[in-house]
K.L.:
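Got a structure for you, questions after.
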Amino acid sequence: MSSEFVDLHCHSTASDGTLAPRDVVRLAKKSNLTALALTDHDTVAGCADAADEARKIGVDFLCGIEISAEYPHPGTMHILGYGVDPDSPQLKNLTETLIAGRDNRNPRIVAKLNEMGVAVTMKEWEDEAKGVVLGRPHLAAVLVRKGYVSSIKQAFDKYIGQGAPAYFDNERLTPKQAIERISAARGLAVLAHPIQLRTSNDAQLEQTVKNLADLGLAGIETIHSDHDASWVEKCTRIAEKFNLLKTGGSDFHGSNKPNIELGVANKRRVPRELFDSLTQRLQSARG
Ligand code: AMP
Ligand code: ZN
Ligand code: FE
Ligand code: FE
């Protein structure tokens with residue numbers, strides 16, 4: 001029996017990854033993955049190139065997006081949208097909303113850093129980002145290059161991470177809005193890395209997932225770089241209990257997250273059947 005592996009969660013230079021969309025697909029092929037979903041934050045700008053490259057070199061490809069939803073500190077709720085139609089007006093409208101939220105937040109971060117004596121400009125951040133999504137990892141890379149910190153991690157700890165002095169929250173969609181808007185763009189909504197919700201116990205996690213499922217959530221990410229064996233098992237059990245799809249991916253960001261390799265999530269690989277169930281569900285949803 002042949003075992004095939006995939007990666008359903010990764011980022012390119014269209015958001016805060018360091019490899020261009022085509023290069024992520026080439027790396028997938030080189031890593032013997034047979035399917036890939038690109039899930040950049042707040043944009044599908046990398047999907048056309050990635051899909052084209054995937055078709056050329058023989059990798060199955062699915063366009064995705066990752067959205068941050070409103071959720072109480074210290075947790076974070078990220079929702080993946082799989083199979084969204086990049087050309088639909090609904091998707092275009094959604095990404096414009098999300099990027100406007102960033103454009104509102106980002107100058108406040110820079111102003112606070114300047115106030116703290118850190119000489120950095122929006123222009124430097126824009127140049128680092130290469131695309132429309134200006135993420136904090138890009139800013140962190142500028143701070144490393146200018147010698148204010150010695151690593152991306154240190155930039156977050158010292159300046160721009162949650163709880164640090166130059167951290168500002170941006171306006172987010174509610175979970176309900178995020179799920180509705182992914183569905184309106186013909187995608188399936190999947191809860192990313194449930195561990196990051198930081199729920200205080202399994203009952204609370206289960207209740208949160210159930211509430212999302214009632215709002216139209218289609219699946220949860222069971223395999224992820226932040227999930228150890230017990231989290232994979234827990235999420236698998238919850239997915240099965242609520243009849244949700246299981247997905248998995250590394251959350252690869254290139255050298256912005258140097259410990260994460262494409263196709264590998266906490267030493268685990270993602271079986272092909274997770275991709276097949278996802279695409280089957282998308283097909284049946286489309287009739
Ligand atoms: P943004 O979307 O601009 O708010 O930035 C979110 C990105 O920053 C995601 O890729 C996160 O994984 C990354 N990030 C958030 N906190 C940290 C941290 N403490 N260290 C490294 N990366 C982080
Ligand atoms: Zn990211
Ligand atoms: Fe995420
Ligand atoms: Fe991600």
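Each ligand, and each atom within it, is numbered from 1 in the order the structure gives. Residues: numbered from 1 along the sequence shown. Note that these values count all heavy atoms, side chains included, but never hydrogens, waters or copies made by symmetry.
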K.L.:
Begin with the C-alpha distance, continue with both residues' side-chain angles, and end with the deciding distance and a verdict on side chain to side chain donor-acceptor pair (under 3.5 Å) for D16 and H41.
P.N.:
CA-CA 8 Å; D16 57 359; H41 302 280; 3.3 Å; yes
K.L.:
Please give me the protein atoms (N, O or S only) lying under 2.8 Å from the Fe ion (ligand 3), ordered by chain and number.
P.N.:
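Protein N, O or S atoms closer than 2.8 Å to the Fe ion (ligand 3): E66 OE2, H78 ND1, H193 NE2.
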K.L.:
Run through the protein N/O/S atoms less than 2.8 Å from the Zn ion (ligand 2) and write them out by chain and number.
P.N.:
D16 OD1, D16 OD2, H41 NE2, H253 NE2
K.L.:
List the protein residues in contact with ligand 1, where contact means a heavy-atom separation under 4.0 angstrom.
P.N.:
D16, H41, R102, R105, G135, R136, P137, F156, H253, K257
K.L.:
Side chains of S250 and D7: is there a donor and an acceptor less than 3.5 Å apart?
P.N.:
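Yes - a donor-acceptor pair under 3.5 Å links their side chains.
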K.L.:
Given E221, which of H227, K246, H9, H78 fulfils the side chain to side chain donor-acceptor pair (under 3.5 Å) condition?
P.N.:
H9
K.L.:
Under the side chain to side chain donor-acceptor pair (under 3.5 Å) definition, can you give me all pairs with a residue in residues 101-111, not counting sequence neighbours?
P.N.:
D42-R102
K.L.:
Counting only heavy atoms from other residues, nucleotides and ligands, does the tally under 6.0 Å from NZ of K210 exceed 12?
P.N.:
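Not buried by this count: 12 neighbours or fewer within 6.0 Å.
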K.L.:
Using the side-chain contact (heavy atoms from CB on, under 4.5 Å) rule, pick out the option among V59, L27, D60 that qualifies with L36.
P.N.:
V59
K.L.:
Do Q207 and N211 get their side chains close enough for a donor-acceptor pair, meaning under 3.5 Å?
P.N.:
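Result is yes, a qualifying pair exists.
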K.L.:
How about E70: does its CD atom have over 12 heavy atoms from other parts shown lying under 6.0 Å from it?
P.N.:
yes
K.L.:
Please check if atom CD in Q162 has more than 12 non-hydrogen atoms from other residues, nucleotides or ligands closer than 6.0 Å.
P.N.:
yes
K.L.:
Is atom NZ of K56 surrounded by more than 12 heavy atoms (other residues, nucleotides or ligands) closer than 6.0 Å?
P.N.:
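More than 12 heavy atoms, drawn from other residues, nucleotides or ligands, come within 6.0 Å of this atom.
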K.L.:
If I take atom OG1 from residue T39 and atom CZ from residue F252, how far apart are they, to the nearest 0.5 angstrom?
P.N.:
11.5 Å
K.L.:
Taking everything shown except K30 itself, do over 12 heavy atoms lie less than 6.0 Å from its NZ?
P.N.:
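Counting neighbours around NZ of K30, 12 or fewer heavy atoms of other residues, nucleotides or ligands fall under 6.0 Å, so no.
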K.L.:
Check this for me, if you would: do E261 and K267 make a salt bridge, where the nitrogen-to-carboxylate-oxygen distance has to be below 4.0 angstrom?
P.N.:
no
